[in-house]
Amino acid sequence: MNKNSDSRLLLCVHCRVDMLMITNFSMYPKTGTIGVSHTNPRTTSFDNVIATRFVHKTSSELLFERGSDGQLLNFPSSSYQAAMEKLSSLITRQRRGQNPPLPNKLERMSMYLKILGLEEDMNRLKIIHVAGTKGKGSTCIFCEAILRECGFRTGVFTSPHLIDVRERFRIDGIDISEDKFLECFWDCWNQLEEKATEQLPMPPLFQFLTILSFKIFTSEQVDAAIIEVGLGGTEDSTNVIKEPTVCGITSLGMDHTEILGDTLGQIASHKAGIFKPKVPAFTVPQPPEAMDVILERAKELMVPLEVTEPLDCKQMKGLKLGLSGDHQFYNAALAVSLSRCWLQRTGNWEKVCQNDFQDSNLPDDFIKGLSSAHFSGRAQIVCDSSLYSDCSEITSENCGQLIFYLDGAHSPESMDACAKWFSNAVKGYKNPSHLSISVKNTEESSENGHFLLESKALGQFENSSRQILLFNCLDVRNPNILLPRLVNGCASSGIHFSRALFVPSMSKYTKVTSGASVIPSDLSGIELSWQFNLQRIWEKIVHGKETSTLLEKDFKIDNKLMLPPNEFLYDNASKGCPSHNYFPSSAVIPSLPLTIKWLRDCVREHPSTRLQVLVTGSLHLVGDVLKLLKR
């Protein structure tokens, strides 16, 4: 059987195996697993059996592999977990900016696509390609929602994921199913692994995921593919796209300077690297230094470039954007322009819109898309209802004692936007204009009797409130810039944090995990020097003076007092004194699961005070919190 054939041999119910040639199979009774030995189709000798693979298509199915010595390799028990292990093996061990990008990166991308036979199929995709410093993911989500409401089959590729890698690949607004993910994953993995050489090794993680997105979108025959740039633009893996339908650049700012350069002009040059000759492009208002570079690049390539102004809320006809925050009006306007251009260039505009976009009227489908868009971890409010054994006990009066405000802001500009959003959300909570509470994903979120409530505006609650910051950021970020921007932005709106908690993320940057991955509980060997550094910066912001390093030196992971007493969150800061791992206004906690449990215990003991917890500084931290709340 030809290796690249789409043919499948049904061996048993729910069990299909891709193969070169079946030479032998056997049943493993305890697992229901069928072993399939395959050989090169040019030979019939059983001595040439090169491997035994067990590739099953559902989450409960298994994958094992037999090495050339005949020994069964020790793979994880599920095919999905095995895929996560494979992905983890692609993570490079270098820090960002430590080494220059791989030479001929885009050449290699083209070679990978050629091996998979995706070149022609990819060129047929109608792609919206989006770069930018902040808002590019949100813009992609808006575009996807608009075109889906217009009746088109959509695929969107964004990064990073928060809980499960499948979040990066949405088909018609829903994360790709595990079955379809595994089918495309193993097809790509097996072919690339077989062709890997010293000159063309397996691609690094993001390159592989980018390739996988093209495989998924061509396999699913999407009408529109919306692709978010990973980092920069010119040298980004997604820039293997040769003929996009339209390109967009969101707001630019100072981020990833170790790779993209330390001026806005240098950064803009990378972002504008996605422009293609004569392909229309859109951007939002930019600082002059950045806009000059974008305009020059557009001129060089004869790119029709248009600058979009922020969306007027009146255009929404009384509905609100699905993504919160004033900055989203810029992203929404850019998405409207990109979607309109996509419809026009693909010959679909007249089918969707009877008018010609006059008088700033948005088509109804555009409004529906903008209002229904959803992007986890970006200006998201989640009420933790873990105090209740079932959902029927939750009412507008008793919910909201512990509320998490989640936003993955990690650049100076996005921290400004986060501060404004959080301040407005807290004020809106105190003075709500309407009540809107709904249970989200109850099947996924009701494990152990816990439910998640997500709310855009919650009913008035007479009890007092305290604003708590839960923060972490990568050490390539500059907390001396991020934290003051957050504090000052909130303070300018009259919002002040009573306490700050600094915790390490659960996510390991050397491992790809899934939503079902085991949450680590072992605290031995955990490194907290970065968290203590964040605490020192915070205390200097709050009190205006340097703090002692004694807490870090005295702190012991196995110390029973590594958690502050519950009263820490409720006493006036002036009453406290430095002790163990906490100051009067801040604390370092060695474990995120411990932190969430401790916050819940505090709420149980002090039900009359609502805790409003802003989780920010890192999308990894936001994803870890969401994972814990869903459990």
Task: Shortest non-hydrogen contact between Gly623 and Ile163, atoms and distance - done: O-CG1, 3.6 Å
- [ ] Flag yes if more than 12 heavy atoms outside Gln221 fall under 6.0 Å of its CD atom; otherwise flag no.
- [x] no
Task: Residues Lys180, Glu183; criterion salt bridge (Lys or Arg N to Asp or Glu O under 4.0 Å); working and verdict - done: CA-CA 5 Å; Lys180 289 179 180 177; Glu183 181 178 6; over 6 Å; no
Task: Carboxylate-amine/guanidinium contact Glu296 Lys299, below 4.0 Å - done: no
TODO: Only counting residues at least two apart or in another chain, list the ones meeting side chain to side chain contact (heavy atoms under 4.5 Å, CB included) with Ser414.
DONE: Lys134, Ala409, Ser411
Open item on the list: Between Val625 and Leu592, is there a side-chain heavy-atom distance shorter than 4.5 Å?
Closed with: yes
TODO: Check for a donor-acceptor pair, side chain of Gln380 on one end and backbone N or O of Phe404 on the other, with a separation under 3.5 Å.
DONE: no
TODO: Look at Arg485 together with Asp416 and state whether they make a salt bridge at an N to O cut-off of under 4.0 Å.
DONE: yes
Task: Salt-bridge present (Asp164, Lys627; N to O < 4.0 Å) - done: no
TODO: Would you confirm whether Gln191, through its side chain, and Cys188, through its main-chain N or O, come within 3.5 Å as a donor-acceptor pair?
DONE: no
Open item on the list: Quick check on the 6.0 Å ring-centre criterion: do Tyr80 and Phe181 meet it?
Closed with: yes
TODO: Kindly say whether Asp175 contributes a backbone atom to a donor-acceptor pair with the side chain of Glu167 at under 3.5 angstrom?
DONE: no
- [ ] Answer yes or no: is there a side-chain heavy-atom contact under 4.5 Å between Glu149 and Ser372?
- [x] yes
TODO: Apply the test side chain to side chain donor-acceptor pair (under 3.5 Å) to residues Glu144 and Thr154: give CA-CA distance (whole Å), side-chain angles for both, the deciding distance (0.1 Å), then the verdict.
DONE: CA-CA 6 Å; Glu144 186 281 325; Thr154 57; 2.5 Å; yes
- [ ] May I ask you to check whether over 12 heavy atoms, not counting those of Glu289, lie within 6.0 Å of atom CD?
- [x] yes
Open item on the list: Angle between ring planes, Phe157 versus Phe169, binned at 30° and 60°: parallel, tilted or perpendicular?
Closed with: parallel
TODO: Check whether the side chains of Gln328 and Asn331 place a donor and an acceptor atom closer than 3.5 Å, and report yes or no.
DONE: yes
Open item on the list: Can you confirm whether Pro479 sits close enough to Trp538 that some side-chain heavy atom of one is under 4.5 Å from a side-chain heavy atom of the other?
Closed with: no
Task: Parallel, tilted or perpendicular: ring planes of Trp186 versus Trp189, cut at 30 and 60 degrees - done: perpendicular
- [ ] Determine yes or no for a side-chain-to-main-chain donor-acceptor pair under 3.5 angstrom, with Ser618 supplying the side chain and His620 the backbone.
- [x] yes
Open item on the list: How about NZ on Lys420, more than 12 heavy atoms from neighbouring residues, nucleotides or ligands closer than 6.0 Å, or not?
Closed with: no
- [ ] Would you name the heavy atoms of Ile141 and Ala373 that are closest together and state the gap between them?
- [x] CG2-CB, 4.0 Å
- [ ] Would you check if Ile249 and Lys136 make a side-chain contact, meaning some heavy-atom pair closer than 4.5 Å?
- [x] no
Exercise answer: donor-acceptor pairs, residues 116-128 side-chain atoms, under 3.5 Å, sequence neighbours excluded:
| unit_1 | atom_1 | unit_2 | atom_2 | d |
| --- | --- | --- | --- | --- |
| Asp121 | OD1 | Arg124 | NH2 | 2.3 |
| Asn123 | ND2 | Glu119 | O | 3.2 |

Task: Non-hydrogen side-chain atoms of Leu147 and Trp342 separated by less than 4.5 Å - done: yes
Task: side chain to side chain donor-acceptor pair (under 3.5 Å) between Thr238 and Asp236, worked out - done: CA-CA 5 Å; Thr238 64; Asp236 187 71; 2.6 Å; yes
TODO: Going by the side-chain contact (heavy atoms from CB on, under 4.5 Å) test, name the single residue among Ser138, Cys140, Pro244 that passes it with Val130.
DONE: Cys140
TODO: Tell me whether the centres of the aromatic rings in Phe214 and Tyr112 are closer together than 6.0 Å.
DONE: no
Task: Side chains of Leu469 and Val487 in contact at under 4.5 Å (non-hydrogen atoms) - done: no
Open item on the list: Please check: side-chain N/O of Arg378 versus main-chain N/O of Ser376, any donor-acceptor pairing under 3.5 Å?
Closed with: yes
- [ ] Looking only at non-hydrogen atoms, find the nearest pair between Leu252 and Thr133 and report the distance.
- [x] CA-OG1, 3.4 Å
Task: Distance, nearest 0.5 Å, that separates CG of Asn480 from CZ of Arg477 - done: 15.0 Å
Open item on the list: For Arg153, is there an ion pair with Asp172 - N to carboxylate O distance below 4.0 angstrom?
Closed with: yes
Open item on the list: Any heavy-atom pair between the side chains of Phe275 and Met302 that's under 4.5 Å?
Closed with: no
- [ ] Indicate yes or no for a side-chain donor-acceptor contact from Lys276 to the backbone of Ile274 under 3.5 Å, with no hydrogens or angles considered.
- [x] yes
Task: Residues, nucleotides or ligands: over 12 heavy atoms within 6.0 Å of Met202 CE - done: yes
Open item on the list: Is any side-chain heavy atom of Phe471 closer than 4.5 Å to one of Val615?
Closed with: no
Open item on the list: Under a 3.5 Å threshold, yes or no: a donor from one side chain and an acceptor from the other, between Asp407 and Thr616?
Closed with: no
Task: Main-chain N/O of Val512 paired with Ser88 side-chain donor or acceptor, under 3.5 Å - done: yes
